[in-house]
Amino acid sequence: MAIEDDVCVIGGGLAGMTSALRAAREGARVRLVSHKKSTLRHASGLVDVLGYTPDGELVAEPFGALAALPAGHPYERVGVDAVRDGLGLFDEVVGDAYYGDHTDANALVPTHGGTVKPTARYPESAAAGLASDPRETLLVGFETLTAFDAPLAADHLDAAGVPAATRGVTVPFPGAFRADSRVTRFAHALDRDEAIETNAGTTGARRALATAVDPHLDGAERVGFPAVLGDDESSDVRAALETRLGVDVFEVPMGPPSLPGLRLERLFTAALDDAGVRRTTGNPVVDFEADGERIQAVYVDRNGQRAPFHADEFVLATGGLVGKGIDSDRDGVIEPIFDCHVPHPDDRYEWFVDEAFGDHPFARFGVDVDAELRPLDADGGIEYANLRAAGGVLGGADFAAEKSGSGISLATGYAAGRAAGEAV
Amino acid sequence: MSDADSTDEFEPVEVFETTDMDLRSGSDDCYKCSTCDTSCPVAEVDDEFPGPKFQGPEQWRLKRKEGHEIDDSITGCSNCMRCDDACPSSVPLSQMHNTARGEYVESQRFGREALAALRQGEPREALEIVRNGTDGLVERVRNRVLANYRTSAWLASKVPWLANRAMNFGPARWLMEATLGVTKEREFPAFADQTFREWWVERGGAHVGNPDKQVAYFHGCYSNFNTPEVAKAMVHVFEEFGYEVLVPPQKCSGTPMFANGMLGDARRHAETNVENLAAAIDGGADIVASCTSCSMALRQEYPELFDLDGIDSVAAHTYEAVEYLRLHEDLEGELAAAEVDASEFAYHAPCHARNQGIDRQAIELFSDLDGATVEDVGDSCSGISGTYGWKEEKYDYSMEIGEEMFEHMESADGETGMTECPTCAMQMEHGTGYEISHPLELLEEALV
Ligand SMILES: Cc1cc2nc3c(=O)[nH]c(=O)nc-3n(C[C@H](O)[C@H](O)[C@H](O)COP(=O)(O)OP(=O)(O)OC[C@H]3O[C@@H](n4cnc5c(N)ncnc54)[C@H](O)[C@@H]3O)c2cc1C
Ligand code: SF4
Ligand code: SF4
């Protein structure tokens, strides 16, 4: 009964953290309640606004393309200014750890699969690797890190027509590591510059790595590694490698678990702590209490025990089908906490199309909202006067196909957080 | 599957599809993202330890397909349960590790098998079984001694002055390391002259009677034998809020036994605990614990591992003590009006507080208390994990894991540590030389 706040944000992903930060700026006392940690640790660490139109066309200038999005798309709901504001908040949180704020154009960043991804903000560590840069490139993979096949990625990039000549090589990561070593193990060895046994005697991990790569340089003007170059000390690690190799060094964003994602999560949690946002993580919200039109409290569950969190305003930022903010079973598609209406065809066979990578309706499933981000019921009425939704839980966008995941989370998180904070 | 729904129907015992503890459904939920591996503090420092993903889902898959034996490496897991918290897919990792460890330890009981062979007139085979079985016997005896801390502590509490001297007597410690593999690097915790239960009887039990507000205190071994001041603070604070405190008969929560694969022992203790706590719940009380590993055991490990009458009710009615007050009283309001002598604390959140969602609680609560500053020293594991850091072969790893916490403590303003977990407290003290206090003690100072 006694845990009370002004604003309670449910969900600790990028959308939830952005909402919480923004609401705190209004002077509200904010709590972030999340089941799991942010899904940023699975994400690439790249922040996309809009990479492709809903029709699949590559977007060079996302802000120009936003106006053409269909009604019901989250960007259409909040408007272009919220997108700029959301990115502005992001830029403040990350400081110089991210690049891309100098232009409205998308940058093209090579990914670990050898594709080129249009993105709005990229980690400083990826900056020297931009695909638009014509400098000759060497990609280095490690034998024990099968998730990045450097020669294959280089071939793909070449085939994609990047301006730079790109080669790939696979080397053993120096030192005796397990065959299935975790990415954090490499990162921490480099962070601490651990002593490593090599044929030429014992040396620090950074020097040993540079020595292993040096013979393959062969005129390359920059070298890309999988994103395992340090965790806490990543810029020192990169600087040390650059000094020894005499060329620029960059990281290629990887799949989960992702160090750039972890680093980004740390920047956001530090900002939350600075803003005085109270964080409660570990148990899912499963239920709520409402008094007519307003939600009074939400309940988290732990092995059958229910603990209430009271607030005046609530933000639902529980993610989409992957983040578990939207759920489906044979009978339908639901939003499991408040049972907000999720528009979807009655017939299950209309939820997807036959081709695996086709334009699946289910990818756009999510709650429908008004311009203030309040979820709407089946008749277009407001579900609850003090509930707003942000991020992946919103319908109307295919985040993965459009490459718009983080941008939508930032824009709608910003708008929902501001509105919730102003309302108290 | 939605998490919101799945917890609604939380029925962990169902995970065992057969009597030989088939954890397949949990294993199927794993999509191999490796997030658990990156958050495992042991895998971080011990290259021999393959990590939670292997220990849990992969090992279960292997076992089903190839009649594979549980891998020795399972004994490397410290049961910190950070992997549980990390998994986005809610794979019951620590439950898998606990059952695997139980099975591993069980498979090493060679005595019965050898006897059976003898009875069948196969002395050679019996001898062979004994020979194979005695490998690692000392380690197993040692684990048993460490896991049954309650028994040694009970003995020691009868003659605390002697125990305190003998346990930390140099040559004795050397002998313990040489023969039992209990590291000589650590100081044994001092035993109090008077246990909490002795104090409780001497003061004549509860000073507040209140049939409408009752809590049954699960004090656990440590605050009974070693830090009764924490238990007394808990009583004083709850009585201040008008609660009638009950102290039902109880045994060890079982935490050190789970971590050493001694599920049989743990179950025996759990039976007593569940019986007495369930009776208190029937009488109208909720259960509170001052140790986060104890509350974790009652809330999560019991229903995951055992099927006892009343176990779900105990899980659903158990709270960490400060959490309970926060939910039921205006603790924040009381603290905002209170004041303490200037004091600065370096706070470490125990791993077992994390899964209960209370790892930020102390920081949050004391932020408005005049006089006190409580600074979070980061989210690393302290490294001791109950009995783990007491094992000679694990001591160095344990200190390596704790390194980050020690550094953060040193750079924090406070010169006193604070945590809810008694073994974390031991490690914090060992690594920094700081005195360590419990949030309940600060609450007592502020409110009583
Ligand atoms: C593998 C992967 C790769 C990605 N790559 C990119 C990329 O390259 N570029 C890009 O821009 N974006 C990318 N994204 C998307 C981006 O990182 C975010 O996932 C997206 O912005 C959605 O954020 P969100 O905050 O809405 O939801 P999520 O990040 O899904 O967070 C939802 C949060 O809600 C919590 N939650 C769910 N249910 C409950 C409940 N009942 N109670 C309490 N808490 C609950 C979850 O534990 C989680 O913390 C990627 C995502 C993934 C998963
Ligand atoms: S975090 Fe969960 S899903 Fe991911 S590898 Fe570990 S057990 Fe599997
Ligand atoms: S319980 Fe802790 S030590 Fe054991 S596997 Fe999980 S994270 Fe690692």
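Reminder, nothing fancy here: chain letters follow the sequence lines and each chain counts from 1. Only heavy atoms go into these numbers, but all of them, side chains included; no hydrogens, no water, no symmetry mates.
A/Ala187 does not touch chain B: none of its heavy atoms, backbone or side chain, sits under 4.5 Å away. Heavy atoms of B/Tyr324 lying under 4.5 Å from chain A are absent altogether. Neither the backbone nor the side chain of B/Asp376 comes within contact range of chain A; no heavy atoms are under 4.5 Å apart. With a 4.5 angstrom heavy-atom cutoff, A/Arg266 does not touch chain B via any of its atoms. Interface residue B/Glu332: only side-chain heavy atoms are found under 4.5 Å from chain A. Both the backbone and the side chain of B/Gln356 have a heavy atom closer than 4.5 Å to some heavy atom of chain A. Within the 4.5 angstrom heavy-atom criterion, atoms from both the backbone and the side chain of A/Arg278 approach chain B. Contact annotation for B/Thr318: only backbone heavy atoms (N, CA, C, O) come within less than 4.5 Å of a heavy atom of chain A. In this structure, chain B has a heavy atom under 4.5 Å from the side chain of A/Arg182, while its backbone stays farther away.
Between B/Tyr302 and B/Phe258, the angle of the ring planes goes over 60°, which puts this pair in the perpendicular group of the 30/60° scheme.
Proximity of the aromatic rings of B/His328 and B/Tyr319 is defined here by a centroid distance below 6.0 angstrom, and this criterion is met. Checked against the 6.0 Å centroid criterion, the rings of A/Tyr384 and A/Phe314 do not qualify as a close aromatic pair. Taking the six-membered ring wherever Trp is involved, the centroid distance between the rings of A/Phe288 and A/Tyr299 does not fall below 6.0 Å.
For the atom pair B/Arg82 CZ and B/Asp85 CG, the distance stands at 8.0 Å (nearest 0.5 Å).
Looking at residues two or more places apart in sequence or on another chain, you find a side chain to side chain donor-acceptor pair (under 3.5 Å) between B/Thr35 and A/His42.
Summarising the geometry of A/Glu251 relative to A/Val228, their closest heavy-atom pair is OE2-N, 3.6 Å, with the distance given to 0.1 Å.
In terms of non-hydrogen atom pairs under 4.5 Å with chain A, the most contact-rich of B/Ser367, B/Cys40, B/Cys33 is B/Cys33. Comparing A/Asp273, A/Thr39, A/Leu262 by how many heavy-atom pairs each has under 4.5 Å with chain B, the most go to A/Asp273. Heavy-atom pairs under 4.5 Å with chain A peak, among B/Ala86, B/Ser313, B/Cys87, at B/Cys87.
The number of heavy-atom neighbours closer than 6.0 Å to CD of A/Glu289, taken from other residues, nucleotides and ligands shown, is above 12.
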